[in-house]
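Worth knowing before you read on, the calculation uses all heavy atoms, side chains too, and leaves out hydrogens, waters and symmetry mates. Reminder, nothing fancy here: chain letters follow the sequence lines and each chain counts from 1.
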Protein chains: 2
Amino acid sequence: MSADTRSKGNENAGADEAGGKSSLQRGLAILRLLASSNETGARLTDISRALDLTPPTVHRLLKILVEEGMAEADKATKRYRLGIDLFGLAAQAGNPNNLRDICRPILLRLSATLRDTIFLLVRSGFDAVCLDRSEGPFPIRSFTGDIGGRVTLGVGQGSLAIMAFLHEEEREEVIRFNLPRMQGVGIIDEVYLRTEIARVRDLGYASRSTGLLPGMSGVAVPVLDRDGHAVAALSVGTISERLNEERLPVVVDILKRESAAISRQLNPFDPVLRRPAAILGGGPA
Amino acid sequence: MSADTRSKGNENAGADEAGGKSSLQRGLAILRLLASSNETGARLTDISRALDLTPPTVHRLLKILVEEGMAEADKATKRYRLGIDLFGLAAQAGNPNNLRDICRPILLRLSATLRDTIFLLVRSGFDAVCLDRSEGPFPIRSFTGDIGGRVTLGVGQGSLAIMAFLHEEEREEVIRFNLPRMQGVGIIDEVYLRTEIARVRDLGYASRSTGLLPGMSGVAVPVLDRDGHAVAALSVGTISERLNEERLPVVVDILKRESAAISRQLNPFDPVLRRPAAILGGGPA
DNA sequence: GCAAAAGCTTCCGATATACGGAATAGATGG
DNA sequence: CCATCTATTCCGTATATCGGAAGCTTTTGC
């Protein structure tokens, strides 16, 4: 197992077939396919062809999925889509230590205070995933970070904030894996990336025009565990004008304060945070 | 299906066992179990006992689930929880016709305008499910309706709004099924329920102190399809004082207007409108 | 610190379970 | 109406799944 993602399972050829051969894997493959075609839904034969499974097999699996509430059949159009039960499941998913629950009120407060949209990102393998977000009243919305959306770790400020505060070895692993993936999404130069990371680590926050969208900027701070490693990031996305030299320090300060509050709630036992103020700057009591 | 062939002597009626016998069913059962114990996570043997599966079986299924990103193993605590990929899946789930996407900006507008929390509910079987919500700035939050949460159809204003605008036969079916479930959650009297439904149908909105929480009230309007049947409900939850005789009609009026706007977008039958206006979204994942 | 208990993982043979070809029924469309 | 495509059912085959047993690791208790 070791390294935590899909680096190994590569033995079976086939572009996008049903991953393995267990029926559980096939069922999950169907769910993923349905997710990717949720606009229109997918018919049985579509699935059959896409996953290279025979119609009877797909039929049987779909029947189970429907019974279990993970899929729904639109009898009118004969199309299948994901079921709402799945939605309920996921409400609990990716919520280690109730991170999302803890952060929810903070996101609300931040979006109200800063008037921009606030994102909560966590690491998932070599990506960052948007766990939650809270829209601010400011009328221009960032395109990034629909809930559940993924970004390559290292792309975007929230990503960088997480990356800068990973374990040394993990960060190296991520850099190695992600550099090729980052072609054309901004950073392609390893040296530059490392410089950025060092800078973020130094400052305790990430803030640069990502280049993803002209005119848009972001600021992000990591949410640290008791060892000073990132478990998440708080990020603000807005138009560049709203993150000028005057306002930026203010925003950063507020973010850091809230991040520290989250850290404290994440570690209810902590006698003393081990590496607190040094990294996050002026730590409020 | 059904027909319990319980070859094993194990007759002990263990409350909540793994649903069926297919490995897909068992895998999903594990996911559900993890969802219900996401606070702490579950260990392999916990799952094994709860679902009446042998440890090797659970081990194998968990391994698959982890590989597929549907579960995560916390190596430190030896506990399993739901994986973030599941979270990403569900971002697409329960989103027929992109209902959630369509409603998102409207929820935001409503919560800003009305200053209270707005809920989007859809029907799922005999329940209503909270598809989305948008918090308003008003400091008292309703406990109801975490995203993904379920309520018995008929309990609460949003529920009622949906129920009042179902097909005749469907409504009867729901009433029949749900009446027993509603014991102790407010309405227990069939006559009263039917009266309420008729009233809601008449007025075009639902508004009563639900009795679920003293001092809290709600208003809800249905979102109708072209046939005048409910596909969803928009609901406002707040303290009773904020829904007095003066304000209520205003709120209802605004809700109805937005509901109508949604309905219009839901029926892009005009082949011209097929394109869902990729304003800022549509980004790659 | 050691022994005991509980938990996790691997192995492997028996068999239940899932598979897919073929045939049927239903839908679509010319 | 027939031709084509799709969904569903049936059933014999074989394969993937199961669980006992045993090795191994971690936790518990003394």
Side-chain angles (χ1 to χ4, degrees), chain A residues 1-4 8-9 11-12 14 17-31 33-34 37 40-68 70-81, chain B residues 1-12 14 17-31 33-34 37 40-68 70-81:
Chain A
M1 32 205 70
S2 66
D4 38 38
K8 6 188 64 179
E11 55 245 352
N12 68 357
E17 301 186 355
K21 55 237 144 155
S22 82
S23 68
L24 177 54
Q25 281 171 312
R26 291 196 228 247
L28 295 175
I30 290 179
L31 289 182
L33 183 71
L34 291 179
S37 61
T40 78
R43 290 173 313 171
L44 191 145
T45 31
D46 299 334
I47 301 169
S48 165
R49 274 193 278 268
L51 300 179
D52 196 27
L53 300 170
T54 61
T57 297
V58 176
H59 181 254
R60 188 172 35 80
L61 292 173
L62 273 175
K63 195 171 152 206
I64 293 174
L65 289 173
V66 169
E67 279 169 4
E68 299 283 328
M70 300 298 164
E72 287 172 2
D74 186 332
K75 287 157 201 153
T77 62
K78 289 286 198 161
R79 290 193 140 84
Y80 291 87
R81 49 185 150 69
Chain B
M1 54 195 119
S2 65
D4 265 339
T5 18
R6 189 156 286 264
S7 48
K8 289 287 153 207
N10 192 339
E11 195 51 67
N12 86 22
E17 301 189 355
K21 49 219 148 151
S22 81
S23 68
L24 177 53
Q25 281 170 312
R26 292 197 230 249
L28 296 175
I30 290 179
L31 289 182
L33 183 72
L34 290 179
S37 61
T40 77
R43 289 173 313 170
L44 190 144
T45 28
D46 299 334
I47 301 169
S48 165
R49 275 193 278 268
L51 300 178
D52 196 27
L53 301 169
T54 60
T57 298
V58 176
H59 181 253
R60 189 174 37 81
L61 292 174
L62 273 175
K63 196 172 152 206
I64 294 173
L65 290 173
V66 169
E67 279 168 4
E68 299 283 327
M70 300 300 163
E72 288 173 359
D74 185 330
K75 288 157 202 155
T77 62
K78 289 286 198 161
R79 291 194 139 85
Y80 291 87
R81 47 186 151 67

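- At whole-Å resolution of the value, CZ in A:Arg79 and C1' in D:dC5 are 13 Å apart.
- B:Ser48 meets the side-chain contact (heavy atoms from CB on, under 4.5 Å) test with B:Pro55, B:Val58; sequence neighbours excluded.
- Among residues two or more places apart in sequence or in another chain, the side chain to side chain donor-acceptor pair (under 3.5 Å) test is passed with B:Thr54 by B:Thr57.
- Listed candidates were D:dG19, C:dC8, D:dT8. Nearest to the side chain of B:Arg43 is C:dC8.
- Per the geometry, NZ belonging to B:Lys75 stands 16 Å off P belonging to C:dC8, to the nearest Å.
- Listed here is the closest heavy atom pair of A:Ser23 and A:Leu61: O-CD2, 4.1 Å.
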Please write out each protein N/O paired with an N/O of nucleotides 15-17 of chain D under 3.5 Å, distance rounded to 0.1 Å.
{"residue": "D:dT17", "atom": "OP1", "partner": "A:Ser23", "partner atom": "N", "Å": "3.0"}

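- Phosphate contact (OP1/OP2 of D:dA7, side-chain N/O of A:His59, threshold under 4.0 Å): absent.
- Atom CD in B:Gln25 sits roughly 11 Å away from atom P in C:dT17 (whole-Å rounding).
- The distance between atom CD1 of A:Ile47 and atom C1' of D:dT8, rounded to the nearest whole Å, is 15 Å.
- Put simply, the side chain of B:Thr77 does not reach to within 4.5 Å of the side chain of B:Thr40, judged on heavy atoms.
- Computed from coordinates, the B:Asp74 CG to C:dC8 P distance equals 13 Å when rounded to whole Å.
- A search for side-chain contact (heavy atoms from CB on, under 4.5 Å) contacts involving B:Ala42 returns B:Leu34, B:Ser37, B:Asp46, B:Ile47, not counting sequence neighbours.
- Among residues two or more places apart in sequence or in another chain, the side chain to side chain donor-acceptor pair (under 3.5 Å) test is passed with A:Thr45 by none.
- Rounded to an integer number of Å, the gap from A:Leu61 CG to D:dA7 C1' is 15 Å.
- Applying the side-chain contact (heavy atoms from CB on, under 4.5 Å) test to B:Ala73 and every residue at least two apart in sequence or in another chain returns B:Tyr80.
- Rounded to whole Å, the distance from CG on B:Leu44 to C1' on D:dC24 is 15 Å.
- In this structure, B:Leu62 atom CG and C:dT9 atom C1' are separated by 12 Å, rounded to whole Å.
- Of the side-chain N and O atoms in A:Thr45, one or more sit less than 4.0 angstrom from OP1 or OP2 of D:dA7.
- Distance from the side chain of B:Lys78 is smallest for C:dC8 among the nucleotides C:dG20, C:dC8, D:dA7.
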